[in-house]
Colleague: 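Handing you a structure now.
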Amino acid sequence: MTEAVDRASVVDDYLVRALAIEDDALRAARAASHAAGLPAIEVTANQGALLSLFVRLVGGRRALEVGTLGGYSAIWLARGVGKGGQVVTLEIEPKHAQVARANVDAAGVGENVEILLGPAADSLDTLAATGGEPFDLVFLDADKQNNARYLAAALRLTRPGSVIVIDNLVRGGGALAAAEGTEGPAAAGAEELLALVRDEPRLTATAVQTIGGKGWDGFLLAQVS
Ligand code: SAH
Ligand code: DHB
Ligand code: MG
C-alpha cells in the first residue's frame, strides 16, 4: 500500500509537469500559503485542474467554496468561471482569509473572488437569506463533520444542473472509517452525508477514490436535478 501511494505521488508530480498543469501564479499561491504557516492541505494541482474543468463542463459562472485556506482551490475555481464569473468562498480563520485575499489578488483573480469570513454555517444562512443567483458548482472542503449540513445548504443555493463536489470523502470525511466499522465522529459524519445523498431525489451521485500527491483519498461528485 505504502509503495503504491509513494509511486502514485511520483506519477502525480510527473503528470503535473508533463501537462504543465500549474503556472507561476498557482505555484506562488501555494508557496505563500506554506510560508505563512498555513497547513499544506490544499488540493493537488491535478485536483484543482479537475475542479476547474467541472466548472467549465457545466458552463459555470458562479462557484461556491466552503473552506478557503490560502485560496489555492479558489484560484482554480476562478479560472473555471472565467473573467465575468464569481467565486464566493467561506473561511472561519481570519489569518487564512487574509493569506487567501493576497493570493487571489496576486493571481489576478481578485475581482472574481469574494471571501466571507466566519463560520460557514452562518455565511451559508446569509447567502440563502440574501437570495442571489444560484451557484453552478459548490465545493465542500472545510470541517468534514458538518458536510451533511453544508450539503443541505448547497441544495438551497443551487439550480437543476449544478454540480456539488465534496473533498476528502475517504479519509477526513470518514468513509474509510465507516467502511471498516471504526466508530467515531468521522464515520458518523460520512454515514450521515451518504444517507442524505442516497435519500435525496434531486441528487445523482458517485464517489471516486483518488491516489496521488496527497496520498489516498476520494471525493463525492453529485449533480442536482
Ligand atoms: N479548499 C482549500 C483547502 C481548505 S482546508 C484548498 O484546497 O486550497 C479547510 C479550510 O476550512 C481551513 O482553512 C479551515 O480553517 C476552514 N474551516 C474549518 N472549519 C470551518 C468552518 N466551520 N467554517 C468555515 N471554514 C472552516
Ligand atoms: C486534509 C486534507 C484536506 O484536503 C483537507 O481539506 C483537510 C485535511 C488532511 O490531509 O489532513
Ligand atoms: Mg480538502
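First listed ligand is number 1; within each ligand, the first listed atom is number 1.
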Colleague: Between S73, G172, P94, G67, flag the one that comes closest to atom 8 (O) of ligand 1 by a heavy atom.
Modeller: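 Shortest heavy-atom distance from atom 8 (O) of ligand 1: S73.
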Colleague: I'd like to know if the Mg ion (ligand 3) has an N/O/S atom from E42 within less than 2.8 Å of it, counting both backbone and side-chain atoms.
Modeller: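 Looking at E42, which is the residue asked about, there is no N, O or S atom under 2.8 Å from the Mg ion (ligand 3).
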Colleague: Which protein non-hydrogen atom lies closest to atom 23 (N) of ligand 1, naming both residue and atom, and how far is it?
Modeller: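 Among all protein heavy atoms, the one nearest atom 23 (N) of ligand 1 is A120 N, 2.9 Å.
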Colleague: Report the part of K214 (side chain from C-beta onward, or backbone N, CA, C, O) that has a heavy atom under 4.0 Å from ligand 2; answer both or neither where that applies.
Modeller: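 Near ligand 2, K214 shows its side chain, while the N, CA, C and O stay back.
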Colleague: Answer with side chain, backbone, both or neither: which part of D217 has a heavy atom less than 4.0 angstrom from an atom of ligand 2?
Modeller: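 None of D217 does.
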Colleague: Would you mind telling me if ligand 2 is within reach of the side chain of R171, the backbone, both or neither, using heavy atoms under 4.0 Å?
Modeller: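 Neither; nothing of R171 gets under 4.0 Å from ligand 2.
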Colleague: Considering Y72, W76, Y150, F139 one by one, which has a heavy atom nearer to atom 22 (N) of ligand 1 than any of the others?
Modeller: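 Shortest heavy-atom distance from atom 22 (N) of ligand 1: Y150.
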Colleague: Can you tell me if S33 has a non-hydrogen atom under 4.0 Å from ligand 1?
Modeller: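 Contact check S33 vs ligand 1: negative.
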Colleague: Could you pull out, from L116, D141, L38, T89, the option with a heavy atom nearest to atom 3 (C) of ligand 1?
Modeller: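 Heavy atom nearest to atom 3 (C) of ligand 1 belongs to D141.
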Colleague: Determine, considering heavy atoms only, which of D122, L69, V43 sits nearest to atom 7 (O) of ligand 1.
Modeller: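 Closest candidate by heavy-atom distance is V43.
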Colleague: For atom 5 (C) of ligand 2, grab the closest protein heavy atom and report residue, atom and distance to one decimal in Å.
Modeller: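 Its nearest protein heavy-atom neighbour is N168 OD1, 3.1 Å.
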Colleague: Just to confirm my output: which protein heavy-atom neighbour is closest to atom 26 (C) of ligand 1, and how far is it?
Modeller: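 For this ligand atom, the closest protein heavy atom is I92 CG2, 3.5 Å.
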Colleague: Measuring from the heavy atoms of E65, does anything fall under 4.0 Å of ligand 1?
Modeller: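 The answer is yes, since E65 has a heavy atom less than 4.0 Å from ligand 1.
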Colleague: Should the pair E22-R30 be classified as a salt bridge under the 4.0 Å nitrogen-to-oxygen rule?
Modeller: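 Here E22 pairs with R30 in a salt bridge, since their nearest N and O are under 4.0 Å apart.
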Colleague: Using a plain distance cutoff, I'd like to know if E42 has any nitrogen or oxygen under 3.5 Å from a nitrogen or oxygen of ligand 1.
Modeller: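 Among all N and O atoms of E42, none is under 3.5 Å from an N or O of ligand 1.
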Colleague: Can you pull out the closest protein heavy atom to atom 15 (O) of ligand 1? Residue, atom name and distance to 0.1 Å, please.
Modeller: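 It is E91 OE2, 2.6 Å.
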Colleague: Please find the N/O/S atom of D141 nearest to the Mg ion (ligand 3) and write down its name.
Modeller: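 Sorting the N, O and S atoms of D141 by distance to the Mg ion (ligand 3) puts OD1 first.
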Colleague: In terms of residue, atom name and distance, what is the protein heavy atom nearest to atom 11 (O) of ligand 2?
Modeller: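 Among all protein heavy atoms, the one nearest atom 11 (O) of ligand 2 is I41 CG2, 4.0 Å.
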Colleague: Any N/O/S atom, side chain or main chain, of S73 closer to the Mg ion (ligand 3) than 2.8 Å?
Modeller: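 Of the N, O and S atoms in S73, none lies under 2.8 Å from the Mg ion (ligand 3), which means no.
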Colleague: What distance do R56 atom CZ and L137 atom CG have between them, rounded to the nearest 0.5 Å?
Modeller: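 Reported value, rounded in 0.5 Å steps: 13.5 Å.
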